[in-house]
Amino acid sequence: MITAIIISLISVIAIFVAVSSYNSLINLKEQTNNSWKQIDVQLKRRHDLIPNLVEAVRGNMQFERKTLEAVLAARNKAVSVCTGAGPGNVAEIAAAEGALNAALSRFSAIFEAYPELKATGNVAQFQEELTSTENRVGFARQAYNDTATCYNVAQQQFPNILFAGLAKAAPATLWEISEHADREVPKVNLSFK
């Protein structure tokens, strides 16, 4: 009789551990997917702002047509890569977004050479919106990496590792800097020469 009670107790504990591990993995998986969708929302906002900004400056930057076309081409490539993508496409999306960042950096550098554009309210507003959106994208990427790291760690911990296959848990790819230029330290020259 005591043996049956002990076996029943062990069985109940084992079932509780299994259900708890399974549910925690599913919870972290869905949190990771949600974090990814937050990046997607911010990237869409960014992609939607860029054509408006380019259109606002097009007339005043006639001589910079190649730069404007490069920004739009990079934006269109990023949109096509992001459409329907998920956490499994992080490297591909990061590369497309890196190319867009490079094109936007060239655009911003040229934008500084046109003081009349800075004085235009709508251009300044678009530039501010784009800067704000870039910050949101950065925060969303950070939140995704934090959530994905928790998910990846949980998959490797005992007893979760025993139930990872059952929960169809797969390691989430982290968002990493893919462009070499993004890793370079900015050079600052404070001399007055």
Side-chain angles (χ1 to χ4, degrees), residues 31-118 120-149 151-152 170-189:
Q31 286 180 18
T32 302
N33 288 335
N34 180 50
S35 293
W36 178 260
K37 293 300 179 191
Q38 298 307 315
I39 292 174
D40 195 38
V41 166
Q42 297 308 324
L43 290 178
K44 172 141 180 33
R45 175 183 166 89
R46 176 188 195 205
H47 297 157
D48 290 347
L49 279 171
I50 291 170
N52 293 327
L53 178 62
V54 168
E55 194 58 39
V57 301
R58 186 181 303 271
N60 293 327
M61 292 179 70
Q62 301 168 34
F63 302 108
E64 308 298 343
R65 184 176 182 173
K66 287 183 182 178
T67 302
L68 295 176
E69 288 172 355
V71 168
L72 288 176
R75 179 255 180 205
N76 292 340
K77 168 91 168 135
V79 168
S80 69
V81 168
C82 289
T83 302
N89 305 91
V90 171
E92 186 180 357
I93 293 169
E97 290 297 324
L100 180 55
N101 284 341
L104 284 172
S105 292
R106 287 189 298 277
F107 174 79
S108 293
I110 291 172
F111 178 77
E112 293 296 321
Y114 290 88
E116 67 275 5
L117 286 176
K118 289 185 198 177
T120 306
N122 63 341
V123 173
Q125 181 182 358
F126 280 127
Q127 192 72 12
E128 180 61 34
E129 281 291 319
L130 190 58
T131 300
S132 171
T133 301
E134 293 296 330
N135 290 335
R136 291 178 185 187
V137 168
F139 290 133
R141 287 176 183 163
Q142 181 180 357
Y144 168 78
N145 277 352
D146 290 345
T147 306
T149 298
Y151 179 50
N152 290 343
T173 306
L174 298 180
W175 192 288
E176 298 181 52
I177 295 174
S178 61
E179 294 295 316
H180 179 68
D182 290 341
R183 293 189 183 274
E184 292 180 7
V185 177
K187 295 179 177 37
V188 178
N189 184 355

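All heavy atoms count here, side chains included; hydrogens, waters and symmetry mates do not.
Residues Ala103 and Val71 share a closest heavy-atom pair of O-CG2, 3.5 Å. The two atoms that bring Ala170 and Asn152 nearest to each other are O-OD1, 4.5 Å, heavy atoms only. Across all their heavy atoms, Cys82 and Asp40 have their closest contact at O-OD1, 4.2 Å.
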If you apply the rule side chain to side chain contact (heavy atoms under 4.5 Å, CB included), what do you find for Leu174 with Thr149, and how did you get there? CA-CA 8 Å; Leu174 298 180; Thr149 298; 3.6 Å; yes
Do Asn135 and Gln42 pass the side chain to side chain contact (heavy atoms under 4.5 Å, CB included) test, and can you show the C-alpha distance, the side-chain angles, and the key distance before you say yes or no? CA-CA 9 Å; Asn135 290 335; Gln42 297 308 324; over 6 Å; no
If you apply the rule side chain to side chain contact (heavy atoms under 4.5 Å, CB included), what do you find for Arg136 with Gln38, and how did you get there? CA-CA 9 Å; Arg136 291 178 185 187; Gln38 298 307 315; over 6 Å; no
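Looking only at distances, no side-chain donor or acceptor of Ser132 sits under 3.5 Å from a matching main-chain atom of Glu128.
Distance check, rounded to the nearest 0.5 Å: CG of Asn33 to OH of Tyr151 gives 7.5 Å. Rounded to the nearest 0.5 angstrom, Arg106 CZ and Asn101 CG are separated by 10.5 Å. Atom CD of Gln142 is separated from atom CD1 of Ile39 by 11.0 Å, given to the nearest 0.5 angstrom. Taking NZ of Lys77 as the start and NE2 of His47 as the end, the distance is 12.0 Å to the nearest 0.5 Å. Residue Tyr144 holds its OH atom at 12.0 Å from CZ of Arg141, rounded to the nearest 0.5 Å. Taking CG of Asp146 as the start and CD of Gln31 as the end, the distance is 11.5 Å to the nearest 0.5 Å.
The closest side-chain heavy-atom distance from Ile50 to Leu104 is below 4.5 Å. Side-chain contact check for Leu100 versus Arg46: some heavy-atom pair is nearer than 4.5 Å.
A salt bridge links Lys44 to Asp48: at least one charged side-chain nitrogen sits closer than 4.0 Å to a carboxylate oxygen.
Using the six-membered ring where Trp is involved, Trp175 and Trp36 have ring planes that are tilted, between 30° and 60° apart.
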